[in-house]
Amino acid sequence: MKIEERIRETLTSNKVVLFMKGSPDFPMCGFSAATIEILQRHGVPFEPVDVLQDPEIRDGIKHFSNWPTIPQLYVAGEFVGGCDIVRELEENGELGPILKAALA
């Protein structure tokens, strides 16, 4: 299975996916930790994908989204953004409605 197919399958199987470094219990970078904290504040179940465990995914997701950094948040199959964008959406009150709509 090609890497793009694996990524698409993960995105279609889960409403909220976070491609991150490490795991929710042990994030391996501050940006991943900050993004997890925001998602947990919303009480949203999400599928974590540890890019450090799979170099193919780590490179593949950057090409898939055309976004150079990790973490990357996807909601309802759509790329939302990285940590800075997630923080901005949270501060503007826009993230909650995006998450609620996806889980409705």
Side-chain angles (χ1 to χ4, degrees):
M1 183 182 293
K2 286 185 182 175
I3 191 62
E4 285 140 15
E5 290 169 7
R6 285 178 52 206
I7 291 168
R8 267 199 199 87
E9 189 175 289
T10 301
L11 295 177
T12 54
S13 303
N14 303 279
K15 294 187 188 287
V16 181
V17 179
L18 181 63
F19 291 87
M20 58 176 292
K21 293 178 181 174
S23 69
D25 292 332
F26 296 102
M28 301 300 280
C29 84
F31 297 111
S32 291
T35 306
I36 290 163
E37 187 181 311
I38 290 168
L39 290 174
Q40 289 175 337
R41 228 179 293 150
H42 284 276
V44 174
F46 65 94
E47 179 66 23
V49 178
D50 182 359
V51 300
L52 299 178
Q53 298 296 319
D54 190 336
E56 200 175 49
I57 287 275
R58 186 178 187 169
D59 291 334
I61 196 63
K62 292 175 184 178
H63 294 291
F64 185 85
S65 62
N66 201 24
W67 192 260
T69 59
I70 305 289
Q72 292 187 16
L73 179 65
Y74 287 78
V75 178
E78 297 294 315
F79 177 57
V80 174
C83 182
D84 291 344
I85 291 171
V86 171
R87 275 190 186 134
E88 193 175 299
L89 290 170
E90 175 71 354
E91 287 167 14
N92 295 340
E94 296 172 49
L95 185 63
I98 291 169
L99 295 170
K100 281 188 187 119
L103 299 171

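Two residues are said to be in side-chain contact when any heavy atoms from C-beta on lie closer than 4.5 Å; Leu103 and Val16 meet this criterion. The shortest distance between side-chain heavy atoms of Thr35 and Pro27 does not fall below 4.5 Å. Contact check for Val75 versus Glu78: no side-chain heavy atoms found under the 4.5 Å cut-off. Residues Leu39 and Leu73 meet the side-chain proximity criterion, which asks for heavy atoms closer than 4.5 Å. Within the 4.5 Å cutoff, the side chain of Ile57 has no heavy atoms near those of the Phe64 side chain. Under the 4.5 Å side-chain criterion, counting only non-hydrogen atoms from C-beta, Leu99 is not in contact with Lys15. Inter-residue side-chain proximity for Lys100 and His42 is flagged as unmet; no heavy-atom pair is nearer than 4.5 Å. Under the 4.5 Å side-chain criterion, counting only non-hydrogen atoms from C-beta, Pro71 is in contact with Ser32.
A single hydrophobic cluster is seen to contain both Ile3 and Ile61, as judged by linkage of ILVMFWY side chains at heavy-atom distances under 4.5 Å, directly or through other members. No continuous path of ILVMFWY side-chain contacts below 4.5 Å connects Ile36 to Met28, so the two sit in separate hydrophobic clusters. Under the 4.5 Å side-chain contact rule for hydrophobic residues, Val44 and Ile85 share a cluster.
One finds the SG atom of Cys83 at 10.0 Å from the CD atom of Glu37 (value rounded to the nearest 0.5 Å). With rounding to the nearest 0.5 Å, the separation of CD1 in Ile98 from CG in Leu89 is 5.0 Å. How far CD of Glu5 is from OG1 of Thr12: 11.0 Å, rounded to the nearest 0.5 Å.
Annotation: ring-ring contact (aromatic ring centres under 6.0 Å, His included) contacts involving residues 77-104, sequence neighbours excluded, comprise Trp67-Phe79, Tyr74-Phe79.
The two residues Lys62 and Ile70 come nearest to each other via the heavy atoms CE-CG1, 4.0 Å.
Around the CG atom of Asn92, the shell of radius 6.0 Å holds more than 12 heavy atoms that belong to other residues, nucleotides or ligands.
Under the 4.0 Å criterion applied to side-chain N and carboxylate O atoms, Arg87 and Glu91 are not assigned as salt-bridge partners.
For the residue pair His63 and Glu4, no side-chain donor N or O sits within less than 3.5 Å of a side-chain acceptor on the partner.
Under the 3.5 Å distance criterion, the side-chain polar atoms of Ser13 are left unmatched by any main-chain donor or acceptor of Thr10. Looking only at distances, a side-chain donor or acceptor of Asp50 sits under 3.5 Å from a matching main-chain atom of Gly22.
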Asp54 and Arg6: CA distance, side-chain angles, deciding distance, side chain to side chain contact (heavy atoms under 4.5 Å, CB included) verdict: CA-CA 12 Å; Asp54 190 336; Arg6 285 178 52 206; 2.4 Å; yes
Arg58 vs Lys21, side chain to side chain contact (heavy atoms under 4.5 Å, CB included): CA-CA, chis, key distance, verdict: CA-CA 9 Å; Arg58 186 178 187 169; Lys21 293 178 181 174; 3.7 Å; yes
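In the hydrophobic clustering (ILVMFWY side chains linked at under 4.5 Å, chained through shared members), Phe31 stands by itself.
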